[in-house]
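Okay, so here's the structure we're looking at.
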Protein chains: 2
Amino acid sequence: MGDEPTLAGQPRQGVRADAQRSIDALLTAAAEVFAEDGVDAPVRQITAKAGVGAGTLYRHFPQRSDLIAAVFRHEVDACAAAAPTLAARYDPLEALTRWLQRFAGFIATKRGLSAALHSGDTTYDSLPGYFQQHFEPALSALLDSAAKAGAIRSDADPWDLLRAIGNLAVPAADDDSGHTQRMIALLVDGLRFGAGA
Amino acid sequence: MGDEPTLAGQPRQGVRADAQRSIDALLTAAAEVFAEDGVDAPVRQITAKAGVGAGTLYRHFPQRSDLIAAVFRHEVDACAAAAPTLAARYDPLEALTRWLQRFAGFIATKRGLSAALHSGDTTYDSLPGYFQQHFEPALSALLDSAAKAGAIRSDADPWDLLRAIGNLAVPAADDDSGHTQRMIALLVDGLRFGAGA
DNA sequence: TTGCTATCCGGAACGTTGTTCCGTATCGTG
DNA sequence: CACGATACGGAACAACGTTCCGGATAGCAA
């Protein structure tokens with residue numbers, strides 16, 4: 001209470017340099033730990049990897065859910081930002097494929113988050129909207145480019161694709177071994193199939 | 001290890017009377033606590049309500065998941081067994097409606113179980129099969145009776161209905177207040193609508 | 001009924017977790 | 001360079017799941 005919410009990403013005015021270092025280290029470490037052991041991983045594991053004390057974590061993220069939400073937004077930003085970068089470097093179809101794989105990698109690090117989202121914690125309320133708001137335009141642009149280039153059909157719905165891959169990438173047991181990537185390739189092939197029509 | 005799995009329900013040969021009492025008390029208490037606070041509720045809360053020590057719980061249910069699975073099977077049995085009872089007491093349509101409400105009540109007590117099922121704990125592996133194996137025939141019989149009586153259409157798929165109600169009854173926030181019941185009534189009305197055809 | 005033994009019970013004790021607290025170290029500024 | 005505000009680290013606390021064991025009890029045999 002009284003503590004203004006700590007925003008992830010770009011440094012804020014008035015934040016001391018060492019504080020910003022701690023925040024960055026925590027976000028990086030938390031992202032790695034969440035990817036490895038899910039969002040229920042012990043806090044001490046995060047603080048150890050970040051090389052900070054427990055007090056430092058709770059100073060910047062008063063509740064555990066604040067850290068999770070911050071990491072989530074951080075990664076959503078990074079993933080969405082990859083879309084224009086890929087579009088500039090590769091041809092439209094290649095950029096689309098690579099970004100979908102990138103997106104699948106993002107989803108794969110979200111073990112346990114689905115449950116957290118339905119836990120009723122109001123800190124998470126804004127996350128689904130944030131998710132759609134950033135990813136749908138990113139994918140939409142990639143799809144448009146590929147369609148304009150004649151590489152894929154033009155009636156693909158971005159949000160449909162995001163949900164489909166979201167469901168593909170998250171559920172499986174630990175023996176994935178390329179399954180998700182193959183399924184994405186198949187989806188893209190499906191998009192290419194209708195290119196002529 | 002070496003401890004044979006403790007079966008819920010009917011007493012086994014060779015179990016001492018006091019042990020059976022403890023098992024019953026634990027299953028009853030756990031069912032209430034799970035319904036109230038979800039499957040993640042503290043173990044001490046269960047032992048306290050059962051009037052039993054912690055050691056007693058772990059003697060009969062070596063892992064937490066064993067207790068959850070036992071309660072689950074226990075309640076599946078009870079819910080499935082209600083079908084023929086209702087069928088004998090009420091007319092086919094009334095029996096069907098009442099059982100679906102009963103089933104929704106069962107689902108409503110399963111907060112957190114969905115997440116547990118996807119946790120990879122092998123103790124839970126048999127539960128989905130157990131679920132379908134007991135509920136599908138129970139509902140199927142009720143549907144057939146109602147269809148034969150001309151009260152509802154005859155092409156309803158039991159498993160479809162179970163899944164639909166399963167999804168209806170579980171997700172909402174805490175402000176349900178009869179929503180599930182209204183939706184079930186609506187579903188039954190839908191079944192009645194096609195009765196003539 | 002009485003006594004014996006395998007079994008079971010209760011709750012204290014252990015290790016791990018999330019979270020709080022505070023003495024100390026550091027940053028930014030005059 | 002010195003000072004106040006801020007942030008740091010890790011010890012300390014509470015709550016959790018789980019283990020352990022001395023004492024109690026049920027079931028059986030005589």
Side-chain angles (χ1 to χ4, degrees), chain A residues 1-7 11-27 29-30 33-34 36-71 112 115-116 119 121 123, chain B residues 1-7 11-27 29-30 33-34 36-71 112 115-116 119 121 123:
Chain A
M1 293 257 224
D3 242 335
E4 46 189 336
T6 302
L7 290 172
R12 291 177 308 156
Q13 226 182 13
V15 174
R16 258 171 50 171
D18 52 352
Q20 189 60 50
R21 256 196 313 262
S22 294
I23 291 174
D24 291 342
L26 279 169
L27 287 176
V33 169
F34 289 164
E36 186 109 1
D37 297 340
V39 294
D40 291 327
V43 168
R44 280 166 174 75
Q45 193 176 341
I46 298 170
T47 59
K49 178 166 284 202
V52 300
T56 303
L57 192 163
Y58 282 95
R59 166 176 302 276
H60 299 297
F61 306 97
Q63 314 207 40
R64 179 190 184 75
S65 51
D66 292 326
L67 176 60
I68 295 175
V71 169
S119 66
D121 190 321
T123 313
Chain B
M1 293 260 222
D3 243 334
E4 47 189 333
T6 301
L7 291 172
R12 292 178 306 156
Q13 227 181 13
V15 174
R16 258 172 50 171
D18 53 351
Q20 189 60 49
R21 256 194 313 258
S22 293
I23 292 174
D24 291 343
L26 279 169
L27 287 177
V33 170
F34 288 165
E36 185 107 2
D37 296 342
V39 293
D40 292 327
V43 166
R44 280 166 173 78
Q45 192 176 343
I46 298 171
T47 59
K49 177 165 286 203
V52 163
T56 304
L57 192 164
Y58 282 95
R59 165 176 303 277
H60 299 298
F61 306 98
Q63 314 206 39
R64 179 191 184 74
S65 51
D66 292 325
L67 176 61
I68 295 174
V71 169
S119 68
D121 190 321
T123 313

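Residue numbering restarts at 1 for every chain, and letters A, B, ... go by the order of the sequence lines. Atoms considered below: every heavy atom in the structure, side chains included; atoms not considered: hydrogens, waters and symmetry mates.
- In this model, the phosphate group of C:dC9 is approached by a side-chain N or O of B:S22 to a distance below 4.0 Å at OP1 or OP2.
- Here the C1' atom of nucleotide D:dT18 and the CZ atom of B:F61 are 16 Å apart, to the nearest Å.
- As a whole-Å value, the separation of A:D37 CG from C:dG18 P is 12 Å.
- Listed pair B:H60 / C:dC8 fails the phosphate criterion, with no side-chain N or O lying under 4.0 Å from OP1 or OP2.
- Residues B:V39 and B:F34 share a closest heavy-atom pair of CA-CD2, 3.7 Å.
- In this structure, A:D18 and A:R21 have side chains that are in contact, with non-hydrogen atoms separated by less than 4.5 Å.
- Screening A:V52, A:V33, A:D37, A:L27 for a side-chain contact (heavy atoms from CB on, under 4.5 Å) involving A:I46 leaves a single residue, A:V33.
- Following rounding to the nearest Å, A:L67 (CG) and C:dG18 (C1') show an atom-to-atom distance of 13 Å.
- Residue contacts for A:A54: at a heavy-atom cut-off of 4.0 Å it reaches a base atom on one of the strands shown.
- Atom OG1 of residue A:T47 and atom OH of residue A:Y58 lie 9.0 Å apart, to the nearest 0.5 angstrom.
- Heavy-atom nearest nucleotides on DNA chain C were determined for A:R21 and for B:V52, and the one closer to the 5' end corresponds to B:V52.
- Among the atoms of the strands shown, none is found under 4.0 Å from any heavy atom of A:T47.
- Among the atoms of the strands shown, only primed sugar atoms or phosphate atoms (P, OP1, OP2) are found under 4.0 Å from some heavy atom of A:A41.
- Toward the 5' end of DNA chain D, the nearer of the two residues B:Q63 and A:A19, judged by each one's closest nucleotide, is A:A19.
- For the atom pair CD of B:Q63 and CD1 of B:I68, the computed distance is 10.5 Å after rounding to the nearest 0.5 Å.
- Separating the CG atom of A:L26 from the P atom of D:dC8 is a distance of 9 Å, rounded to the nearest angstrom.
- In this structure, OH of B:Y58 is placed 12 Å from P of D:dC16, rounded to the nearest angstrom.
- For the pair A:D40 and A:G55, nearest-nucleotide mapping onto DNA chain C gives the more 5' position to A:D40.
- Proximity note for A:T56 (side chain, C-beta onward) versus D:dC8, D:dG17, C:dG10: the nearest is D:dC8.
- Counting to the nearest Å, the P atom of C:dT7 and the CD1 atom of B:I23 are 14 Å from each other.
- A:R44 comes within contact range of at least one nucleobase, with a heavy-atom separation under 4.0 Å.
- Here the CZ-CG distance, from A:R64 to A:L57, works out to 9.0 Å after rounding to the nearest 0.5 Å.
- The CD1-C1' distance, from A:I68 to C:dG18, rounds to 12 Å in whole Å.
- In the set D:dG17, D:dA26, C:dG18, the nucleotide with an atom closest to the side chain of A:R64 is C:dG18.
- Relative to the side chain of A:P42, the nucleotides C:dC9, D:dG17, C:dG18 differ in distance, and C:dG18 lies closest.
- The nearest whole Å value for the distance from the CZ atom in B:R16 to the P atom in C:dC9 is 7 Å.
- For a distance-only test at 3.5 Å, the side chain of B:R59 fails to qualify as a donor-acceptor partner of the base of C:dT7.
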